[in-house]
Number of protein chains: 2
Amino acid sequence: MSDEYESLKLKNQLCFPLYACSKEIVRRYKPFLDEVDLTYTQYIAMMVLWEKGELNVKELGECLFLDSGTLTPLLKKLEKKGFLERKRSEKDERNLRVLITKEGEELKKKAVCIPEQMGKCIQLETEEAMQLYQLLYKILGQLEQ
Amino acid sequence: MSDEYESLKLKNQLCFPLYACSKEIVRRYKPFLDEVDLTYTQYIAMMVLWEKGELNVKELGECLFLDSGTLTPLLKKLEKKGFLERKRSEKDERNLRVLITKEGEELKKKAVCIPEQMGKCIQLETEEAMQLYQLLYKILGQLEQ
DNA sequence: ACTTATTAAATTGTACGCAATTCAATAGCA
DNA sequence: TGCTATTGAATTGCGTACAATTTAATAAGT
């Protein structure tokens with residue numbers, strides 16, 4: 001007999017393994033991130049700063065798919081740790097500029113070993129990793145509009 | 001010039017699109033889940049209950065990759081909504097049995113349209129969806145040990 | 001039987017994550 | 001120039017997540 005509720009079974013969901021995988025991987029990051037005194041969300045925020053050096057909260061939010069409700073307290077914590085500075089733009093005081101500090105730059109040297117160490121936890125063929133990467137960005141692209 | 005910090009760029013991460021994708025999809029679920037008065041986490045908990053009818057907190061946690069710190073308050077909320085009952089096992093009082101109620105069963109009828117509606121948000125070929133599904137469970141399997 | 005170890009939930013504390021609202025600054029327009 | 005609309009952050013409130021600890025119940029070993 002076919003089950004009319006088959007579509008509600010956990011094993012038939014695509015979102016659930018996405019959700020679980022994301023959580024479990026972030027959990028695996030923790031011991032490595034503890035070494036540099038960052039949470040995962042703080043880490044990806046620092047990644048953007050390491051690359052751009054300076055940007056405002058809105059831009060950062062667009063990079064990370066996060067809003068000010070998440071970023072405001074997070075950036076205050078990173079400022080307290082000395083990794084960045086927050087100052088209002090003089091041209092437009094609505095914009096809050098986020099600037100990396102010398103300590104923030106220094107941290108990059110300690111963090112650079114993290115991607116390699118995490119790579120060992122996820123054993124995918126290059127081909128598989130690329131497939132996964134592309135599928136995820138395909139979905140993200142569709143969700144953007 | 002090669003950038004020695006290339007591995008720290010957001011665009012070279014595999015975990016980040018996983019994290020972002022998971023969050024964005026869960027966000028897309030919200031309007032549909034509002035209709036049945038569930039959050040995403042409550043929804044996947046109900047999925048397990050719809051299938052099994054009854055199980056204890058530990059088993060549920062293993063299905064969902066969640067611990068009692070998350071599940072205890074969540075199950076209390078679902079109990080308050082009338083979708084399930086929580087009672088200690090008589091055989092072993094350490095175990096808390098979670099039992100679906102008649103209202104919980106009823107809810108399944110309202111929820112059955114959700115997977116289809118969400119499917120429209122994610123436009124993947126069958127082939128792609130299967131690839132993604134398998135890659136995610138491959139990673140989850142590796143993270144289990 | 002008594003002691004110790006293990007187990008299952010609950011609790012505590014910290015950090016997101018997001019919808020909704022508020023507030024201040026600027027842009028647009030009559 | 002005023003008035004209104006929009007914009008960017010901050011705030012508020014609620015619901016997870018999870019590490020670490022606590023508590024109560026049972027299992028295991030002597």
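Below, chains carry the letters A, B, ... as their sequence lines are ordered, and counting in each starts from 1. This structure is a prediction, so every number in the text was calculated from the model and none was measured.
Looking at every heavy atom in both residues, B:L18 comes nearest to A:S22 through O-CB, 3.9 Å.
In this structure, the separation between NZ on B:K138 and OH on B:Y133 is 15.5 Å, given to the nearest 0.5 Å.
Taking a cutoff of 4.0 Å between a charged side-chain nitrogen and a carboxylate oxygen, B:E85 and B:K102 do not qualify as a salt bridge.
For the segment residues 23-40 of chain A, the set of residues with a heavy atom within less than 4.0 Å of an atom of DNA chain C comprises A:T39, in numerical order.
A distance-only check finds no donor-acceptor pair linking the side chain of B:R88 to the backbone of B:R97 [under 3.5 Å].
Put simply, the side chain of B:L136 reaches to within 4.5 Å of the side chain of B:L132, judged on heavy atoms.
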For residues 41-53 of chain A, please give each side-chain donor-acceptor pair under 3.5 Å, one per line with the distance, not counting sequence neighbours.
residue	atom	partner	partner atom	Å
A:Q42	OE1	A:T39	N	3.1
A:Q42	OE1	A:K81	NZ	3.0
A:W50	NE1	A:G104	O	2.9

Compile the donor-acceptor pairs under 3.5 Å between side chains in residues 62-79 of chain B and protein atoms, sequence neighbours left out, one pair per line.
residue	atom	partner	partner atom	Å
B:E62	OE2	B:K58	NZ	3.4
B:D67	OD1	B:G69	N	3.1
B:D67	OD1	B:T70	N	3.2
B:T72	OG1	B:S68	O	3.0
B:E79	OE1	B:R86	NH1	3.4
B:E79	OE2	B:R86	N	3.1

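Both A:I44 and A:S89 lie close to DNA chain C; mapped to their nearest nucleotides by heavy-atom distance, the more 5′-ward contact belongs to A:I44. Along DNA chain D, the nucleotide closest to B:F65 and the one closest to B:E93 are compared, and the more 5′ of them pairs with B:F65. Nucleotides of DNA chain D nearest to B:K77 and B:L66 differ in position, and the one nearer the 5' end is that of B:K77.
By the side chain to side chain contact (heavy atoms under 4.5 Å, CB included) test, A:E105 is found to be paired with A:I100, A:K108, residues two or more places apart in sequence or in another chain being considered.
For the pair B:K9 and B:Y5, the NZ or CZ position fails the cation-pi test of under 6.0 Å to the six-membered ring centre and within 45 degrees of the ring normal.
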Apply the test side chain to side chain contact (heavy atoms under 4.5 Å, CB included) to residues A:F16 and B:Y40: give CA-CA distance (whole Å), side-chain angles for both, the deciding distance (0.1 Å), then the verdict.
CA-CA 10 Å; A:F16 172 68; B:Y40 180 73; 3.9 Å; yes
Taking only N/O atoms, report every protein-nucleotides 8-12 of chain C pair under 3.5 Å with atom names and distance.
residue	atom	partner	partner atom	Å
C:dA8	OP2	B:K58	NZ	3.4
C:dA8	O3'	B:R94	O	3.3
C:dA8	O3'	B:N95	OD1	3.3
C:dA9	OP1	B:V57	N	3.1
C:dA9	OP1	B:L96	N	3.2
C:dA9	OP2	B:K58	N	2.8
C:dA9	O3'	B:R88	NH2	3.1
C:dA10	OP1	B:R86	NH2	2.8
C:dA10	OP2	B:T72	OG1	2.7
C:dA10	N7	B:S68	OG	2.7
C:dT11	OP2	B:K76	NZ	2.9

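Once you apply a 4.0 Å limit to the heavy atoms of chain B, the touched nucleotides of DNA chain D run 5' to 3' over D:dG15 to D:dT26.
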